[in-house]
> 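Before we start, here is the structure in question, set down as structure tokens.
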Protein chains: 2
Amino acid sequence: MTKKRISESTIHRLSLYLRALSVLEKESHETVSSKELAKREKLTPAQVRKDLSFFGSFGTRGLGYPVSDLKKQIASILGIDRLWKVALFGVGNIGSALVSYKEFSRQGFQIIKLFDNDQRKIGSNHKGIIISDIKDMEKELQEAQIEIAVIAVPATVAQYIVDDVVKAGIKAILNFAPINLKVPQDVYLRNENMSMELEYLSFALVNNHSQKRPKI
Amino acid sequence: MTKKRISESTIHRLSLYLRALSVLEKESHETVSSKELAKREKLTPAQVRKDLSFFGSFGTRGLGYPVSDLKKQIASILGIDRLWKVALFGVGNIGSALVSYKEFSRQGFQIIKLFDNDQRKIGSNHKGIIISDIKDMEKELQEAQIEIAVIAVPATVAQYIVDDVVKAGIKAILNFAPINLKVPQDVYLRNENMSMELEYLSFALVNNHSQKRPKI
DNA sequence: CGTCTCATGTGAAAAGGTTCACAAAAAAAT
DNA sequence: ATTTTTTTGTGAACCTTTTCACATGAGACG
């Protein structure tokens with residue numbers, strides 16, 4: 001059995017399925033068809049089935065997929081059937097918002113450490129977490145057994161912070177700074193560029209860009 | 001000449017080129033090769049040339065692309081060689097952060113209207129903008145000539161807000177609520193799902209997912 | 001001025017991702 | 001019990017995107 005590479009798009013869609021399944025569960029649906037699941041996330045039934053088929057056979061022909069079970073399975077595939085310890089760097093604008101961003105905790109991502117280099121912030125309590133000096137990160141990251149770092153510092157200093165984060169042994173980084181960060185091959189880095197989508201909207205508006213929308 | 005559909009990925013990469021070009025300009029580079037531009041955003045030279053070729057011939061063989069000029073051209077293609085008037089719905093956690101998010105204003109997106117339904121917030125001044133009652137949106141959106149709406153309200157009410165935003169004539173929406181919003185065909189909708197990338201990191205960590213060049 | 005080097009622009013090939021279409025299996029109906 | 005209906009799972013076909021490879025043009029240099 002060859003381990004085929006799963007595409008980025010498939011993973012992202014798993015997140016969508018999970019979200020839809022949570023709603024379906026709340027609405028007390030026992031099962032759901034690929035058709036219904038697709039409709040709820042503006043995708044095609046074939047896409048749903050194909051995505052799921054990469055990981056196994058979760059459905060019953062003629063009936064559909066068991067909602068609760070599939071939800072658990074996808075959570076397990078995504079690795080969010082557990083808690084992740086997250087540290088956040090830069091308690092500014094975006095950083096503060098992320099600390100109380102419910103969707104993170106709902107998916108099992110716990111921000112339990114805050115770092116900043118501003119002396120006025122260090123030592124103060126932000127939503128129940130004492131802000132640490134960024135200089136102490138190595139020790140503190142290890143003590144708290146942090147597994148994921150979220151970077152919300154200005155672009156000008158982001159690379160320095162990331163270099164230190166990598167040195168401290170972190171293998172997964174989510175970057176909000178608008179800069180292309182360099183990390184070693186074995187470190188997973190993802191970028192969140194919020195103005196990109198606005199730029200896409202701008203492009204679409206001025207160019208009357210035809211919308212690609214899966215027909216259902 | 002047939003107007004070929006430009007892919008979403010190409011548009012997103014234009015944003016990256018623009019970012020790199022700004023840095024190059026600051027570093028006083030007159031020209032830049034596709035190779036260098038690619039390196040700065042972890043892409044391939046062929047990709048850069050192909051992307052740009054969809055919109056014209058901006059380079060000089062043997063020399064590369066003129067930095068300042070290409071920057072202007074891309075800004076024009078993306079439609080951000082002008083200012084966009086943006087309204088933000090939901091002055092909570094994420095909403096407040098977005099109001100002072102520098103990257104938006106840097107790209108020409110001006111958040112000039114804030115809406116909320118919380119009576120305690122309505123009428124108060126947030127970073128120089130008076131928060132309006134969401135009930136008055138239609139009149140206020142038209143008076144302020146808003147072109148883009150950013151949704152940062154809870155998922156439970158997002159669809160209602162969006163329905164009203166659409167009724168008020170807005171044709172471009174950036175949604176931060178973790179829900180699949182329904183809009184008419186002629187309205188551009190983009191979603192910003194911040195926990196999706198964390199979920200991807202989680203997946204990568206538990207599955208030792210082989211890294212490919214990030215698509216965006 | 002001719003040659004050499006560099007780097008673009010672009011068809012063609014390759015790779016990757018999505019949709020189709022249908023056999024197979026289960027449930028529902030008769 | 002048999003037929004009909006529903007819906008999955010999946011190879012194959014199709015479509016899109018990326019990468020290759022090279023002709024072409026511009027500047028550099030002796």
Side-chain angles (χ1 to χ4, degrees), chain A residues 1-14 16-17 21 24 29-67 69-70 73-74 77 209-216, chain B residues 1-14 16-17 21 24 29-67 69-70 73-74 77 209-216:
Chain A
M1 190 182 113
T2 25
K3 199 170 154 189
K4 207 180 170 296
R5 195 185 177 278
I6 305 295
S7 84
E8 201 173 305
S9 310
T10 293
I11 307 305
H12 279 153
R13 282 192 298 268
L14 288 186
L16 297 182
Y17 303 148
L21 287 164
L24 284 158
H29 291 80
E30 295 259 304
T31 59
V32 64
S33 64
S34 57
K35 195 176 162 191
E36 173 66 17
L37 202 44
K39 194 181 138 211
R40 294 201 176 215
E41 294 295 340
K42 274 190 212 127
L43 301 164
T44 63
Q47 181 92 81
V48 172
R49 295 200 299 276
K50 180 64 92 177
D51 282 340
L52 295 176
S53 78
F54 291 134
F55 303 97
S57 303
F58 306 109
T60 304
R61 291 167 193 225
L63 192 62
Y65 300 91
V67 172
D69 183 56
L70 183 59
Q73 298 270 14
I74 294 180
I77 292 164
H209 197 235
S210 62
Q211 299 222 57
K212 195 176 168 181
R213 205 184 286 250
K215 60 245 164 172
I216 298 173
Chain B
M1 188 183 113
T2 22
K3 200 167 151 190
K4 207 178 171 295
R5 195 185 177 277
I6 303 295
S7 85
E8 201 172 304
S9 307
T10 293
I11 307 306
H12 280 321
R13 281 192 299 268
L14 288 187
L16 297 183
Y17 302 149
L21 288 165
L24 284 158
H29 289 80
E30 296 259 302
T31 60
V32 63
S33 64
S34 58
K35 195 175 163 192
E36 174 65 18
L37 203 44
K39 194 182 139 212
R40 295 203 176 213
E41 294 296 341
K42 275 192 210 124
L43 301 164
T44 63
Q47 181 92 81
V48 172
R49 294 200 300 276
K50 182 64 93 178
D51 282 339
L52 295 177
S53 78
F54 292 135
F55 303 97
S57 302
F58 306 109
T60 305
R61 290 168 193 225
L63 193 62
Y65 301 92
V67 172
D69 183 56
L70 183 59
Q73 298 270 14
I74 294 180
I77 292 164
H209 196 233
S210 62
Q211 300 226 53
K212 207 192 150 186
R213 222 186 296 282
K215 211 181 201 145
I216 300 172

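Per chain, numbering begins at 1; letters A, B, ... match sequence-line order. Remember, it's a predicted structure, so these values are computed and weren't measured experimentally. Scope of the values below: all heavy atoms of this structure, side chains included, with no hydrogens, waters or symmetry mates.
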> To the nearest 0.5 Å, what is the distance between OG1 (A/T31) and CG (A/L37)?
11.5 Å
> Which residues pass the side chain to side chain donor-acceptor pair (under 3.5 Å) test with A/E41, not counting sequence neighbours?
A/R19
> So B/S34, base contact, sugar-phosphate only, or nothing? Heavy-atom distance under 4.0 Å.
sugar-phosphate
> Hey, could you give me the CZ/CD1 distance between A/F55 and A/I74, rounded to the nearest 0.5 Å?
9.0 Å
> Under 4.0 Å from OP1 or OP2 of D/dT17: is there any side-chain N or O of B/Q47 that close?
no
> Can you pull out the residues from residues 51-67 of chain A that lie within a 4.0 Å heavy-atom distance of DNA chain C?
A/T60, A/R61
> Taking the side chain as every heavy atom from C-beta outward, state whether B/L24 and B/R40 have any pair of such atoms under 4.5 Å apart.
yes
> Base, sugar-phosphate or nothing for B/K50? Non-hydrogen atoms, less than 4.0 Å.
base
> Taking 4.0 Å as the cut-off, does a side-chain nitrogen or oxygen of B/T44 come that near to OP1 or OP2 on D/dT19?
yes
> Mind checking what makes side chain to side chain donor-acceptor pair (under 3.5 Å) contact with B/Y65, not counting sequence neighbours?
none
> Indicate whether OP1 or OP2 belonging to C/dG11 is found under 4.0 Å from a side-chain N or O atom of B/R49.
no
> Whole Å only: how far is the NE2 atom of A/H12 from the C1' atom of C/dG16?
17 Å
> Can you tell me which residue among A/D51, A/I77, A/I11 is in a side chain to side chain contact (heavy atoms under 4.5 Å, CB included) with A/I6?
A/I11
